[in-house]
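Here the structure is a predicted model, which is why all the values come from computation and not from measurement.
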Amino acid sequence: MTATKAAAFQTSSIVRKGLGALALGILFTACKKDDKDIPNPNPQPQNESYYAAKTNMALQYQSVDGGETENYTLTVTGQKDSADGKVYNYRNAFADGTSINPFVYAKGNSFTLVSTVPAELADIIEAMKDDPTVSDFELTGLPLQQKLPANPQVNQALEFSDPMHMGLNIHDEEEDETMRMDMYFGFSDGKVVGFEDVTTPAGTFKNTMKVQYKATMTLEMPVGGNESETLITQWFAKGIGLVKSEEKEGTNTSITTLIGVTGK
């Protein structure tokens, strides 16, 4: 499971790290939510905002993380009215033939990015239920949501859903011991930091909204455990959405850029 598949709609490697760890033994699957589960502000008209809204519009991205490069395409598959707002559906297609289906919920002065994860992880969670060495499995906080302003101001705060939590007990039959593991993954400390022109292989985008926030992954175990924090900076263009993302963890930086757009 590559990093981008976990979170390619909104970002690249940081969400990927959380989901990748889960896929390698700390496993989870997406929990679907209806539109009514997303907090709704007072309805107000929304002009062209910082996401792709035209059906069949396709955005091609390239993510570079260390020595790994991966391309994917985000396509607007449709839209519908919902709860005094609008839902925009997307399909994120990867080179290996797999895909995910995130969406944007737009209402009033905000829009909410809702990430999903690959369907194959649902099969993994089903296998976990049948594993006699696993007990007390719990999973909350999915799908992850990020609420951004449609008419942003500098220093305006971003809003995030509660962190994902996955917990389970694993029994070691040889040692006849049971170990508890808890993993948390979420976003915090987000705000609009300014407006900038950004140039990518897809062109120059004027006055993009620049946002910044932290992503934290914590693994709690009786022995060991760890916590990692990544600083994410993203640029959103009106009528397009994400045009660039930089994710820094220590001395490591991964970059996602928009390399092409069709159907504008």
Could you give the distance from CD (E246) to CG (L231), rounded to the nearest 0.5 Å? 9.5 Å
Using atom types as modelled and distance alone, determine if a side-chain donor or acceptor of T200 lies under 3.5 Å from a backbone N or O of A202. yes
Carefully, step by step, assess N169 and V134 under the rule side-chain contact (heavy atoms from CB on, under 4.5 Å). CA-CA 6 Å; N169 291 329; V134 175; over 6 Å; no
Spell out, yes or no, whether V64 and F94 are grouped together once hydrophobic residues are joined by side-chain heavy atoms under 4.5 Å, including indirect joins. no
Cluster overlap V154 with M209, hydrophobic side-chain contacts below 4.5 Å: yes
With no hydrogens and no angle check, is any side-chain donor or acceptor of Y90 less than 3.5 Å from a backbone partner on A52? yes
Is any side-chain heavy atom of D136 closer than 4.5 Å to a side-chain heavy atom of L168? no
Any idea which heavy atoms bring P149 and Q156 closest together, and the distance? CB-NE2, 3.4 Å
Which residue in the set M181, M183, R180 passes side chain to side chain contact (heavy atoms under 4.5 Å, CB included) when paired with M221? M181
Starting at OG1 of T77, measure out to CG of N89 and round the result to the nearest 0.5 Å. 5.0 Å
Ignoring hydrogens and geometry, is there a side-chain-to-backbone donor-acceptor pair from S254 to D65 under 3.5 Å? no
Stepwise side-chain contact (heavy atoms from CB on, under 4.5 Å) test for K264 and I240: CA-CA 9 Å; K264 288 193 293 185; I240 298 289; 3.9 Å; yes
So, do L148 and L113 sit near enough that their side-chain heavy atoms are less than 4.5 Å apart? yes
Any H165 side-chain heavy atom under 4.5 Å of L139 side chain: no
Minimal heavy-atom distance between E249 and S228, with the atoms involved, is OE2-CB, 3.4 Å
Whether over 12 other heavy atoms sit under 6.0 Å from E138 CD: yes
Contacts of F160 meeting ring-ring contact (aromatic ring centres under 6.0 Å, His included) (sequence neighbours excluded), chain-then-number -> F187, Y213
Just by distance, with hydrogens left out, do T204 and T199 show a side-chain donor and acceptor under 3.5 Å apart? yes
Main-chain N/O of Q62 paired to E70 side chain as donor or acceptor, under 3.5 Å: no
What side-chain donor-acceptor pairs closer than 3.5 Å can you find for residues 191-198, not counting sequence neighbours?
from : atom 1 : to   : atom 2 : distance (Å)
E196 : OE1    : W235 : NE1    : 3.0
E196 : OE2    : K210 : NZ     : 3.2
D197 : OD1    : N207 : N      : 2.8

How long is the straight-line distance from OG of S188 back to CG of L158, given to the nearest 0.5 Å? 10.5 Å
According to a 4.5 Å side-chain heavy-atom criterion applied to Ile, Leu, Val, Met, Phe, Trp and Tyr, with indirect links allowed, do M179 and M166 form part of one hydrophobic cluster? yes
Is Y61 reaching over with its side chain to a backbone N or O of L242, donor-acceptor style, under 3.5 angstrom? yes
Does the H171 side chain pair with the main chain of E177, one donor and one acceptor, at a distance under 3.5 Å? yes
Would the distance check show the side chain of S63 and the main-chain N or O of T256 forming a donor-acceptor pair, the cut-off being under 3.5 Å? no
Determine whether T140 and M164 make a side-chain contact, defined as any pair of heavy atoms from C-beta on separated by less than 4.5 Å. no
Just verifying a value: how many Å separate F236 CZ and T208 OG1, rounded to the nearest 0.5 Å? 10.0 Å
With the side chain counted from C-beta on, respond yes when K107 and D84 share a heavy-atom pair under 4.5 Å apart, and no when they do not. yes
At their closest point, which heavy atom of K147 faces which heavy atom of S110, and how far apart are they? CE-OG, 3.2 Å
Ring centres under 6.0 angstrom apart (Y88, Y51): yes
Exam field: side chain T112 to backbone Q146, donor-acceptor pair closer than 3.5 Å: no
Give the minimum heavy-atom separation between S115 and P102, together with the two atoms involved. CA-CB, 4.5 Å
Looking at side-chain heavy atoms only, is the closest gap between S245 and I232 below 4.5 Å? yes
Could you check whether T73 and Q60, counting side-chain N and O atoms only, form a donor-acceptor pair closer than 3.5 Å? no
Spacing of OG1 belonging to T75 relative to CG belonging to L59, to within rounding of 0.5 Å: 8.0 Å
Looking only at heavy atoms, the pair that brings S99 and A93 closest together is CB-CA, 4.1 Å
Apply the test side-chain contact (heavy atoms from CB on, under 4.5 Å) to residues Q79 and T55: give CA-CA distance (whole Å), side-chain angles for both, the deciding distance (0.1 Å), then the verdict. CA-CA 7 Å; Q79 55 184 273; T55 300; 3.7 Å; yes
Rounded to the nearest 0.5 Å, the CD atom of Q145 sits from the CD atom of E159 at a distance of 11.0 Å
Grab the two heavy atoms, one from Y50 and one from P152, that are nearest each other, plus how far apart they are. CE1-CD, 3.5 Å
Is the CD atom of E227 crowded by more than 12 outside heavy atoms at less than 6.0 Å? yes
